[in-house]
A.B. asks: 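To start, I am sharing the structure in question, which I have written as structure tokens.
In the text below, chain A, chain B and the rest are named by the order of the sequence lines, each starting its count at 1. In this text the structure is predicted, and so the values were computed from the model without any measurement.
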2 protein chains.
Amino acid sequence: MKVSAQEEYGLRCLLQLAPLGEGEYLTLTQIAEREGISTANAGKLLWILNKAGLVSSIRGTKGGYRLARSAAEIHLDEIIKVLDEDVLASHCNSYTGILDACIHTGNCGIRPVIVGLHDVVRRAMAGITLAQLLGTESNVETTLHQINSLSRETAHRRA
Amino acid sequence: MKVSAQEEYGLRCLLQLAPLGEGEYLTLTQIAEREGISTANAGKLLWILNKAGLVSSIRGTKGGYRLARSAAEIHLDEIIKVLDEDVLASHCNSYTGILDACIHTGNCGIRPVIVGLHDVVRRAMAGITLAQLLGTESNVETTLHQINSLSRETAHRRA
DNA sequence: TCTAATCTTGACTAAAAAGTAAGGTATCCG
DNA sequence: CGGATACCTTACTTTTTAGTCAAGATTAGA
């Protein structure tokens, strides 16, 4: 399993916009430089995020990008879905409902694994917001604990 | 996030070998036909699994492949690691220790997310064996419940 | 209005993953 | 021994993903 480059850098761009105050904007150049990617590449990512309603933009001099909503209202699962097919996709997208494309339809040995993992990942991501990712460096342990707790709570609720 | 084709079909191949009895073998042709992939493709996957010690093979007439160990002793996390880089890889492999390749070293906003997700996925996979995936169709719910339970138990143990 | 700064968009190029082809090697069996 | 079967290995082709380029459109301010 792999986190795609688009998911990773899209998330990084959002993370740069998250701490901005009211009326503040970052330009493509600023965002790209901080992440070490080209402005062309950053532009493509931000356009995807813009189209999906996660960021808003202003053109022209003094223009730039900002979050379309509060960082506390943007959850990780939504971000990942916007930047890629789903929080967890497979070659044989059994769980999306597109069953026709799969020759194993009706007797697929790995379907339960993929459905299960998809659920675990989705629930973990749904419990994390952009705002929670803001701190620096030392919050690795905090976030990890948070993801694990979330996983536990949701499992309890289902039981 | 995506499950690669190699991971998916490699797992499917193992799942075919899992129910074989002592001294039984499946040939490349048999495996490939059941999965709807070419023998060349199946051969590549089985070679990877063989090299990693998950399956063993016999050449010549009456030859074929079988599991190198009992299906109950092969866990999902090991399978996925063999078929791909890790249970969860990212463009910026912060969690693998290869920190130099990342310009965000020391101040990486998304590192906690990736480390956390990596842990959630690894624990879920470590709790599933090939033997548990053997049944057909109707065990989707069983496996899903199993993954969730595992997630819960492990979280408790850590707390 | 003119100009510089900035986002927008589609087409192009490069890199990685997936899949294919072909010749090599080992084993069985007559 | 010799042919048939089946795995082993490397190199190649195709497809997908990632990244780049360049021309267009919009806004602020002089």
A.B. asks: Which atom pair, heavy atoms only, marks the closest approach of A:Y65 to A:L17?
C.D. replies: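 For A:Y65 and A:L17, the tightest heavy-atom pair comes out as O-CD2, 3.6 Å.
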A.B. asks: If we ignore angles and hydrogens, is there a donor and acceptor under 3.5 Å between the side chains of B:Q30 and B:Q16?
C.D. replies: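 Per modelled atom types, B:Q30 and B:Q16 side chains form no pair under 3.5 Å.
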A.B. asks: Do A:Q6 side-chain atoms and A:L83 backbone N/O form a donor-acceptor pair below 3.5 Å?
C.D. replies: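 Yes: the side chain of A:Q6 pairs with the backbone of A:L83.
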A.B. asks: Taking CG from B:L28 and P from C:dA26, how many angstroms apart are they, rounded to a whole number?
C.D. replies: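 Interatomic distance, CG of B:L28 to P of C:dA26: 17 Å.
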A.B. asks: Identify each donor-acceptor pair in which a side-chain atom of residues 47-63 of chain A lies under 3.5 Å from a protein atom, sequence neighbours left out, and give them as a table.
C.D. replies:
| from | atom 1 | to | atom 2 | distance (Å) |
| --- | --- | --- | --- | --- |
| A:N50 | ND2 | A:S57 | OG | 2.9 |

A.B. asks: A:L46 or A:T61: which one's nearest nucleotide on DNA chain C is closer to the 5' end?
C.D. replies: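 So the residue in question is A:T61.
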A.B. asks: Figure out the CG/P separation between A:L26 and C:dA5, and round it to whole Å.
C.D. replies: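 Between P of C:dA5 and CG of A:L26: 18 Å.
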A.B. asks: Is it true that B:K81 and B:E7 have a side-chain N and a carboxylate O under 4.0 angstrom from each other?
C.D. replies: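 Result for this pair is no, no salt bridge flagged.
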A.B. asks: Taking for each residue the nucleotide of DNA chain C bearing the nearest heavy atom, is the 5' side occupied by A:G64 or by A:K2?
C.D. replies: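 Nearer the 5' end of the strand: A:G64.
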A.B. asks: Identify whether the distance between the nearest side-chain nitrogen and carboxylate oxygen of A:R66 and A:E22 falls below 4.0 Å.
C.D. replies: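 No salt bridge links A:R66 with A:E22.
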A.B. asks: For A:W47 and C:dC7, is the shortest distance between a side-chain N/O and OP1 or OP2 below 4.0 Å?
C.D. replies: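 No, no such contact exists.
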A.B. asks: Taking OP1 and OP2 of C:dT8, is either one under 4.0 Å from a side-chain nitrogen or oxygen of A:N50?
C.D. replies: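 Affirmative; the distance criterion is met.
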A.B. asks: Assign A:I58 to base, sugar-phosphate, or nothing according to its heavy-atom contacts below 4.0 angstrom with the strands shown.
C.D. replies: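 Here A:I58 touches the backbone only, sparing every base.
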A.B. asks: Within this structure, what is the CD1-CD1 distance for the pair A:I37 and A:I31, rounded to the nearest 0.5 Å?
C.D. replies: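 Between atom CD1 of A:I37 and atom CD1 of A:I31 there are 9.0 Å.
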A.B. asks: Between atom NZ in A:K51 and atom C1' in C:dG10, what is the gap in whole Å?
C.D. replies: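 Those two atoms, NZ and C1', are 12 Å apart.
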A.B. asks: For residues A:A124 and A:I128, report the shortest heavy-atom separation together with the two atoms involved.
C.D. replies: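 Closest approach of A:A124 to A:I128, heavy atoms only: O-CG1, 3.5 Å.
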A.B. asks: Is there a donor-acceptor pair under 3.5 Å between the side chain of A:Q132 and the backbone N or O of A:T129?
C.D. replies: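 Pair found, side chain donor or acceptor close to backbone of A:T129.
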A.B. asks: Using a heavy-atom cut-off of 4.0 Å to chain A, what are the terminal contacting nucleotides of DNA chain D, in 5' to 3' order?
C.D. replies: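 On DNA chain D, the outermost contacted nucleotides are D:dA18 to D:dA28.
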A.B. asks: So which protein nitrogen or oxygen atoms get under 3.5 Å of nucleotides 18-20 of chain C's nitrogens or oxygens?
C.D. replies:
| from | atom 1 | to | atom 2 | distance (Å) |
| --- | --- | --- | --- | --- |
| C:dA18 | OP1 | B:A5 | N | 3.1 |
| C:dG19 | N7 | B:K44 | NZ | 2.7 |
| C:dG19 | O6 | B:K44 | NZ | 3.2 |
| C:dT20 | OP2 | B:S38 | OG | 2.7 |

